[in-house]
Amino acid sequence: MPADLEAQRIVKVAGAQLGPIQRNDDRSSVVERLIALLRSAHAQGAELVVFPELALTTFFPRWFIEDPEEIDSFFERSMPSPVVQPLFDVAKSLGVGFALGYAEMTADGHHYNTTILVERDGSVVGHYRKVHVPGHEEHEPWRPFQHLERRYFEPGDKFETWDAFDGLVGLATCNDRRWPETYRVHGLAGCELLMIGYNTPIHYAPDPSQNRLAGFHNSLVMQAGAYQNGMWVVGVAKGGVEEGVDSLAESCIIAPSGEIVAQALTTNDEVIVADCDLNLCANYKNTLFNFARYRRPEVYGAITDSSAR
Ligand code: CDT
């Protein structure tokens, strides 16, 4: 159908970047910040607000914590948990949907780095559990700070694309954005809008020569992923200096052309918005990146299998 005869599908999306959350900041004060960001996004016309990864607490994997109770204190046993309920209530009353990253502890004791997606009417669209869990499992005292995600979180086992917000949408989390498979799996499912929260320390201890490239790599991977799959990508940081660790901000909204159409200017709490025209995805999905017509899975399917050499 010619584009001008199609129903318009323009979703105004906000990226709600967070500045640092210090360890002593109590969770209700963080929820107040989230609500203020959501209200500001709504005042700018947004109907979907994307919050960062692990948006309720400081980024606790930077510490080696031995006491299981202390570790579990960073996790939510239900969502909404009582302290987060006001965010759900305000969002529903304003008719605004949102994606919120948090540490999830299931009833049977599993731990995940999870994001929940909530529709404008307050219904839960789905949960996503981070697939690519970076960092290390054991205490490595040589580092200036730890990255113990692999100690505290189990990996999730699937990407999903949901019918929501007038289109096909998906979630990914931080390190996932560096992996082309994240975008391609969503792209193959027709995803039109991928939401990604992140916490990215600028110092990368295993190879500090990468430090100066933190911002470059951030936009490189998300812009390429958007373009090569004809989808909108919304990348939202928790940035700034948190417990002495400087983290990348630079939240941005990227069009299916690969162009950045909105970008945060600060390292603090900040809202960015863009009109995401979901019909624009077809310009790419039906031309250069018409997967059905041009992909050659019979040639390279095998090299995506880790058993292949
Ligand atoms: N949170 C997260 O996944 N951060 C990683 C840091 C690099 S791996 C130690 C990232 O990919 O941004």
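The chain is numbered in sequence order, starting from 1. Below, each value reflects all heavy atoms present in this structure, side chains not excepted, and no hydrogens, waters or symmetry copies. Each ligand, and each atom within it, is numbered from 1 in the order the structure gives.
At a heavy-atom cutoff of 4.0 Å, ligand 1 is surrounded by Glu53, Phe59, Lys130, Pro134, His147, Glu149, Cys174, Asn175, Arg177, Arg178, Asn199, Thr200, Tyr204.
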| request: Check the pair Glu53 / Arg177 against salt bridge (charged side-chain N to carboxylate O under 4.0 Å, His left out), numbers first and verdict last. | output: CA-CA 12 Å; Glu53 173 192 36; Arg177 77 195 189 288; over 6 Å; no
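Classification of Glu298 and Arg296 as a salt-bridged pair holds, one side-chain N sitting under 4.0 Å from a carboxylate O.
Within the structure, the side chain to side chain donor-acceptor pair (under 3.5 Å) test picks out the following pairs touching residues 163-174 (sequence neighbours left out): Arg120-Asp166.
Scored by the side-chain contact (heavy atoms from CB on, under 4.5 Å) test, Thr161 finds Leu168, His186, Ala189, Cys191 as partners (sequence neighbours excluded). When the ring-ring contact (aromatic ring centres under 6.0 Å, His included) test is applied to Tyr183, no partner is found at least two apart in sequence or on another chain.
Linking ILVMFWY residues whenever their side-chain heavy atoms come closer than 4.5 Å, directly or via other members, leaves Phe51 and Leu117 in distinct clusters.
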